[in-house]
Amino acid sequence: MSTAYDHKAVETKWQDRWEKQRAAEVDLRHTRGKYYMLMMFPYPSGDRLHVGHGRNYILGDALYRFLRMNGKRALNPMGWDAFGLPAENAAIQRGVHPRDWTLGNIKVMKEQFKRWGILYDWSKEIASCFPEYYRWNQWLFLRMLEKGLAYKKMAPVNWCPSCRTVLANEQVVEGACERCGTPVVQRDLEQWFLRITDYAERLLAGLDQLEGWPEKVKVMQRNWVGRSEGAEIRFEIPALKESLTVFTTRPDTVHGATFMVLAPEHPLTSRLIASHPRRAEIEAWIEKVRNTPRIQRSAEETPKEGRDTGAVALNPATGGEIPIWLANYVLPEYGTGAVMAVPAHDVRDLAFARQERLPVRLVYHLEDHDVDPTTMTEAILHEGVIRNAPPFDGLRDAPETIQRVIGWLEEKGWGQGKVTYRLRDWLISRQRYWGTPIPVLYCETCGMVPVPDGQLPVELPYDVEFTGREGNPLSRSKAFVETVCPKCGGAARRETDTMDTFVDSSWYYLRFLSPRDSARMFDPETANRWMAVDQYIGGIEHAILHLLYARFICKVLHDFGMVDVEEPFQNLFNQGMITRWSDKSGRVEKMSKSRGNTVSPDELIEEMGADTERVYTLFIGPPEKEAEWSDEAVSGAHRFLQRVWRLLERLPEALPTAPADAELERDRHATIQRVTHSLQRFSFNTAVAALMELSNSLSRALEEKTASRLRCEETYDTLLQLLHPMAPHITEELWERRGYTESLLETSWPEYDEAKIRRQRIHLVVQVDGKLRDRVEVDAGADEKEVRAAVLASPRVKEHLAGRELAKAVLVPGRLINLVTRKSA
RNA sequence: GCGAAAGUGGCGGAAUUGGUAUACGCGCUAGACUUAGGAUCUAGUCCCGAGAGAUCGGGUUGGGGGUUCGAGUCCCCCCUUUCGCACCA
């Protein structure tokens, strides 16, 4: 038996053993003690994982092992978010098929997980790119289509004329295509949507139930849904004999509406400008605005631009005529795409009114001084009293005032109360190959026809060309596109759009519970027993999109009667990023390949071992916070593990009996308590610190021969058990060398006895007027009388009391006593 | 601009409920062992002042005020940083 710590041999040995034993496999038929933990399944990109990625998985594995030792039936599955654009780009750049590229990457990542010593239940592995998985995306889509939750409409998209494809917002860099640099244009295309806006209210309400979610994420989701209460108000346009509806959160300021502003895309625009003398010029301007990418157009720096249509509307409250304008700052998709401008009480409207020399009218007046509407430079937002706006004169800016105005508008038939959301329906169409084909087809006689369930899955053809410049490769696959209409038997063409990969990831947590079911999306019975996910772990970058979509789809499946829960993830944990100095940029940045500041786990594991990386990663700081990687500090973790290794050989140094057994026993129990509580609240860094201290105590006890052999061995065994979640390989090896045959994973988490942590005699802190002056030894249970006697006997305390008189004493039992004095008379 | 979180030694950080601020680790200093060591071990390491010394006194959690016997922790004002949203009517 070798005595030096050979991390390579130890780690390979145990990784192979865990793999052979299928150590993390769970039989889902049993649910006693069930705990469903889940790491956000990764995208198998071609890059090797670095230590920054490792933090996430190591954290999860430490939690998993801790749960197991605490008797939980913990399920920790892993799969692959395997569809996506990089695979297609790899195909274009390197001529390798997206499928082969993806499967190759999965293999590499799986090997990396193993080398970190991470245990997943691989019997439940899934990959979203397999037809066995994505057929259920299609099935779900068809159910949503039936219920009207999936629909198709024209929508403006970012379009690269050179690549001839739609780009996601993230792929537009300064108004140009990220890949070829061609300026991106806005273009209207028929696109598929999922009606997530129908669920806006429930998505908001559900957040209030999620006590186990970080407040930050809930706030971000609330803002994203963006609920606004207000009213819709109709303004008549005499020239068109039609009315224009606006949405406003401030119906109480309707008397101050001095002009209207429409988005250039508004359906009424062309009729409004039909007889305008400079119509062509305005149309050209509209075209320019429409072609501005949405991100740029809605940036605050973008100057406000507008055009007068020449038409007027009637303000229902005043009966006055007000001009109708078009402006780039009004967004067609929010509210009704039209606003009533109240410059006196809205910052943006005031700026625009001043720029275009439009009139301003006050509704709310300040009480302390008069404001001149022709010169005012600051809008009056939430103060003042209404004047000259019958029948509301005298009312103040308050929610009740708004309610009264809404009631009045409803009574007069001019408008009604209305709630609007910022949330838009979910655009799922992608003009890409590597995704789930949307299962509909187009027949010349029957029109759009859903693919019958019996014909699912609509499989991606393998034999496709990837040239990179011709739009969606699918549309050039005759074998795929040309098909037969299931209704009439005539010729039909398949939809070539594929789904956003966020569809795949919005229900995968259910598939893990019956991953091989070929008859159903998932087994509702097992799902109801195992859902919700008890602990979900992943990056904050998914705070909005993924987590919102997953909540939405879960609610849809709930409404379909397929699963009881409405919220899929009970507790959410977002680990912080790992940062490191980057020579490229000359500052500390997120660790990433493109920044050239990654640390490879391969080399680190080779040099110091996976356990060292694990311990350091957990010790680096609070896991929810960002942490800066330090190459030097890693060696501290390595030294600690080496000390733990050497302690085994030092155990025989202890004598059969020794004087201070109780002290080490106290440390042991106190450490169990500290580590247990730390791990329960994800405080891995303090858990590691506590274990370092226990290791130091044991080392000292051996050195000074203050504890018995039995006591030292017992302490050491506890140390190995408590350390196991963080450093699984070395602890298993040492445990085996201690002579135990069962895996540490199968042992029960050590228990502590509070009575053994308490000391008989304690050092009580003595303060005089809040300042630390001495410590006295007293019985732990000493009452105030006894403590006072002991304290007043202290020479140092006497010194500080000299010339003063004791006013009162505050005793915190077991901790301190504070003697409060005053000048003696 | 709105919203959220945070600010503690040279550095990463610790301090469940208000109760010994700076645990643990890195780095640094000195010493031991050594053929050499980026190995290992031991001691020291918040700042200022006094002392040969064990020690003693004072100060310190971004700044200022407050509550309290007692504040890193609670309240108010300000400063800084990070993150999210951002022409949403």
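Letters A, B, ... mirror the listed sequences (proteins, then strands); counts begin at 1. Please read these numbers as outputs of a predicted model, since none were measured by experiment. Values below: every heavy atom of this structure, side chains too, minus hydrogens, waters and symmetry copies.
- Not counting sequence neighbours, the partners of A:Y199 by the ring pair (Phe, Tyr, Trp, His ring centres under 6.0 Å) test are A:F552.
- Side-chain proximity of A:E632 to B:C26, B:A89, B:G57: nearest is B:C26.
- Between A:R700 and the phosphate of B:C41, there is no side-chain N or O to OP1/OP2 separation shorter than 4.0 Å.
- A donor-acceptor pair under 3.5 Å is formed between the side chain of A:K218 and the backbone N or O of A:L210.
- At a cut-off of 3.5 angstrom, counting only N and O atoms as typed in the model, there is a donor on one side and an acceptor on the other between the side-chain of A:K304 and the base of B:C87.
- The distance from atom CG of A:L350 to atom C1' of B:A89 is 15 Å, rounded to the nearest whole Å.
- Within the nucleic acid shown, A:V330 comes within 4.0 Å of at least one base atom, counting heavy atoms only.
- Looking at A:R788 and A:E784, a side-chain N of the basic residue comes within less than 4.0 Å of a carboxylate O on the acidic one, giving a salt bridge.
- Look at the C1' atom in both B:G9 and B:C2: the space between them is 36 Å, to the nearest Å.
- For B:C69, the OP1/OP2 oxygens have no side-chain nitrogen or oxygen of A:K771 closer than 4.0 Å.
- Between A:K216 atom NZ and B:C2 atom C1' the separation is 15 Å, expressed in whole Å.
- Rounded to whole angstrom, the span from the CG atom of A:L381 across to the C1' atom of B:A89 amounts to 13 Å.
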Return a single string for nucleotides 9-25 of chain B, one symbol per nucleotide in 5' to 3' order, where B is base contact, S is sugar-phosphate-only contact and - is none, cutoff 4.0 angstrom on heavy atoms. ---BSSSB--BB--BBS
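- Across B:G53 and B:U45, the matching P atoms stand 14 Å from one another, rounded to whole Å.
- A salt bridge links A:R250 to A:D252: at least one charged side-chain nitrogen sits closer than 4.0 Å to a carboxylate oxygen.
- Against RNA chain B, the stretch residues 245-260 of chain A makes heavy-atom approaches under 4.0 Å through A:F247, A:T248, A:T249.
- Among residues two or more places apart in sequence or in another chain, the side-chain contact (heavy atoms from CB on, under 4.5 Å) test is passed with A:P359 by A:T258.
- Using a 90° window around 0 for the glycosidic torsion, B:G64 falls outside it and is classed as anti.
- Between the C1' atom of B:A5 and the CG atom of A:N574 lies a distance of 13 Å, rounded to the nearest Å.
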Atom pairs and distances, donor-acceptor, side-chain atoms in residues 612-623 of chain A, under 3.5 Å, two or more places apart:
from	atom 1	to	atom 2	distance (Å)
A:T612	OG1	A:M608	O	2.9
A:T612	OG1	A:H638	ND1	2.9
A:E613	OE1	A:W116	NE1	2.9
A:E613	OE2	A:W116	NE1	3.0
A:R614	NE	A:M726	O	3.0
A:R614	NH1	A:D61	OD2	2.9
A:R614	NH1	A:W116	O	2.9
A:R614	NH1	A:G117	O	3.3
A:R614	NH2	A:D61	OD2	2.8
A:R614	NH2	A:P725	O	2.9
A:Y616	OH	A:S630	N	3.1
A:T617	OG1	A:E613	O	2.6

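- Taking atom C1' on both nucleotides, B:G12 is separated from B:C48 by 26 Å, rounded to a whole Å.
- If you measure from atom CG of A:L545 to atom C1' of B:C85, you get 13 Å, rounded to the nearest angstrom.
- A:S678 places a side-chain N or O within 3.5 Å of a backbone atom of A:R674 that can act as its donor or acceptor partner.
- Taking 4.0 angstrom as the limit, A:R422 places none of its side-chain polar atoms (N or O) nearer than this to OP1 or OP2 of B:C85.
- A straight line from CG of A:L641 to P of B:U40 spans 12 Å, rounded to a whole angstrom.
- The separation of B:U8 from B:U68, taken at their P atoms, amounts to 29 Å, rounded to a whole angstrom.
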Under the 3.5 Å Watson-Crick or G-U criterion, the dot-bracket string of RNA chain B, with | for inter-strand pairs: (((((((..(((......[....)))((((((.......))))))(((((....)))))..(((((..]....))))))))))))....
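- Closest to the side chain of A:H800, out of B:A89, B:G57, B:C69, is B:G57.
- Salt-bridge formation is detected for the pair A:R227/A:E229: a Lys NZ or Arg NE/NH1/NH2 atom is positioned less than 4.0 Å from an Asp or Glu carboxylate oxygen.
- No side-chain donor-acceptor contact under 3.5 Å links A:T718 and A:T715.
- Nucleic acid contact class of A:V820 (heavy atoms, under 4.0 Å, all strands): sugar-phosphate only.
- Between A:S635 and B:C26 there is no side-chain polar atom (N or O) within less than 4.0 angstrom of OP1 or OP2.
- Atom name P, nucleotides B:U42 and B:C56: the rounded distance is 27 Å, in whole Å.
- Protein atom CZ of A:R773 is 8 Å distant from nucleotide atom C1' of B:G57, rounded to whole Å.
- The 5' end of RNA chain B is approached more closely, in terms of each residue's nearest nucleotide, by A:M220 than by the other of A:M220 and A:T336.
- Atoms CZ (A:F640) and C1' (B:C26) sit 15 Å apart, rounded to a whole Å.
- Taking the ring axis of A:F352 as reference, the NZ or CZ atom of A:K304 does not stay both within 45° of it and closer than 6.0 Å to the ring centre.
- No donor-acceptor distance shorter than 3.5 angstrom exists from the side chain of A:R773 to the backbone of A:H800, with no hydrogens or angles considered.
- Within the cation-pi definition used here (under 6.0 Å to the ring centroid, within 45° of the axis), A:R307 does not qualify as a partner of A:W325.
- A salt bridge is absent between A:E265 and A:R290; no separation between the charged side-chain nitrogens and carboxylate oxygens falls under 4.0 Å.
- Between B:G57 and A:R796, a contact under 4.0 Å exists linking OP1 or OP2 to a side-chain N or O.
- OP1 or OP2 of B:C41 lies within a sub-4.0 Å distance of a side-chain N or O belonging to A:R646.
- No side-chain donor-acceptor contact under 3.5 Å links A:S228 and A:T420.
- With both ends at atom P, the span from B:A14 to B:G66 equals 31 Å, rounded to whole Å.
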